[in-house]
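Notes follow the structure.
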Amino acid sequence: MPELPEVEVSRLGVAPFLQGQVIQNIIVRDRRLRWPVSESLADAIGHRIEAVTRRAKYLIIVLQNGGQIILHLGMSGKLRVLEATVAPVKHDHLDIVLASGKCLRLNDPRRFGACLWQPPGAAEPTQLMNLGPEPLTDDFTADRLVALSRGKQSAVKNFIMDNAVVVGVGNIYANEALFMAGVDPRRKAGNVSAKRYQLLTQAIKEVLAKAIQQGGTTLKDFTQTDGKPGYFKQSLNVYGRAGEPCLTCETPIKSLTIGQRNTFYCPQCQR
DNA sequence: AAACACCCCTGCGGGC
DNA sequence: TGCCCGCAGGGGTGTT
C-alpha cells in the first residue's frame, strides 16, 4: 500500500490525536510482524508523546523521555485512531492506547509492517541507518543523483528506488516520475545525463508533493485515517495503465518487469 | 562491490 | 458458484 505520500498522509491524520497524550497501554495481539515486536515495547507505557515524525516510510512516535516507537506499514498496513473500546477485527495486531480513551490501531493483513522500539538514549535501529535524503528537502538534488549514478549499470528505475540514494520512492511514484521526466525506466543509471537527472529530481519532488496534497493513492485498500480513499489514483499517467493510450501521445503504455516489479512506461515519450 | 533473485504473508481478481 | 493461479504499494537477505 504505502509509499512516502501514504505514510505522510497517515502521519498527518493521526498526529493531532497523539501529540501530548500519555500512553496508557500497549496491546500486541500478534507479535509476528516483519520483525517480532519486542516485549520491551511495554517500556513506552506511561510516557507522554512529544511528536509524531516521519523518516523515509517509517512513522516515528517520539516520547518526551527520548524513547521512540517506530512504525512501518509494509505493503498492507493501515493506521486508524479509534475509541479504545471498539472491538478489534481480523489483522488488528497492535493498539497504542492513549489517556484520552482513544487508541492508535495498526491493521496489517500481510504483516510486512513493523513496530520497533528505540529506548531512550539508544542508537537508532539499523533499518534507519544509511538511509538517503528525504526527497522533499533540499538535501535531495540532481547533483547527488549524478554523483551516485556514475558507472552504475542497473536500471535508472531501480536506482531511484534505492533507499540509500533517496528514500520513499516506491513502485508507483518511480513509474510516474520517470514518465514525467521523459526517462526510459530501463536506461542504465550511469547513462542518464545531468540534464535529465535535473528533470527527474524535479519530477520526483513534484509527484510526491502532489500525491500528499491529494491524500495519497488508493489502489485497493489504502484509506486515509478518516477512512476516505486517497485521490491521487486519478492523476496516474502510467501506473496500472498497460495497453491504454498515453495521455500525451496516445501510444499504448507498455509494461515489463524491472527488478521483480511491474513497470509501466510510454515507449514514445520516454527515452 | 554491485547486481540480481528470492522470500516473508494474506487477499483479491480473473480465468476456467 | 467455486477453485486455482498470479499478482500486489516494501525491503532485508543471500547468491552470483
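In what follows, chains carry the letters A, B, and so on, assigned in the order in which the sequence lines appear, proteins first and then strands, with residues in each chain numbered from 1.
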Take the protein atom [atom1] of [X] and the nucleotide atom [atom2] of [N], then report the distance between them rounded to whole Å.
| X | N | atom1 | atom2 | value |
| --- | --- | --- | --- | --- |
| A:M161 | C:dG9 | CE | P | 8 Å |
| A:N130 | C:dT13 | CG | P | 12 Å |
| A:N171 | C:dA8 | CG | P | 8 Å |
| A:Q260 | C:dG10 | CD | P | 14 Å |
| A:E176 | C:dG9 | CD | P | 13 Å |
| A:K157 | C:dG9 | NZ | C1' | 11 Å |
| A:L59 | C:dG10 | CG | C1' | 16 Å |
| A:K90 | B:dC12 | NZ | P | 9 Å |

_NZ/NE/NH1/NH2 to OD/OE distance under 4.0 Å, A:R144 and A:D139_ =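 Here A:R144 does not pair with A:D139 in a salt bridge, since their nearest N and O are not under 4.0 Å apart.
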Looking at [X], I'd like to know whether one of its side-chain N or O atoms comes within less than 4.0 Å of OP1 or OP2 on [N].
| X | N | result |
| --- | --- | --- |
| A:S154 | B:dA3 | yes |
| A:H72 | C:dG10 | no |
| A:H91 | B:dC9 | no |
| A:N163 | C:dG11 | yes |
| A:N262 | C:dC7 | no |

Under 4.0 angstrom, heavy atoms only, what part of the nucleic acid is [X] near: base, sugar-phosphate, or nothing?
| X | answer |
| --- | --- |
| A:F159 | nothing |
| A:R34 | base |
| A:Y173 | nothing |

*asked:* Is the ring pair A:Y58/A:H72 parallel, tilted or perpendicular, if the boundaries are 30 and 60 degrees?
replied: perpendicular
*asked:* Please check if the number of heavy atoms outside A:K205 that lie under 6.0 Å from its NZ is greater than 12.
replied: yes
*Any strand is fair game: report the nucleotide pairing with B:dG13 by Watson-Crick or G-U wobble, both distances under 3.5 Å, or none.*
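When the pairing criteria are applied, C:dC5 turns out to be the nucleotide that pairs with B:dG13.
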*When only distance counts, do a donor and an acceptor, one from the side chain of A:R261 and one from the base of C:dG9, lie under 3.5 Å apart?*
no
*Does a distance-only test, which skips hydrogens and angles, find a donor-acceptor pair under 3.5 Å between the side chain of A:R111 and the base of B:dC9?*
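Side chain to base: no pair below 3.5 Å.
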*If we take the C1' atom in both C:dG12 and B:dG11, what is their distance in whole Å?*
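Straight-line distance between the two C1' atoms is 23 Å.
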*Does the side chain of A:K57 pick up a donor-acceptor pair with the side chain of A:N163 at under 3.5 Å?*
no
*Residue A:M75, side-chain atoms from C-beta onward, closest of C:dG9, B:dT10, C:dG12*: C:dG9
*Evaluate the side-chain proximity of A:C103 to A:L98: yes if any heavy-atom separation is below 4.5 Å, no if none is.*
no
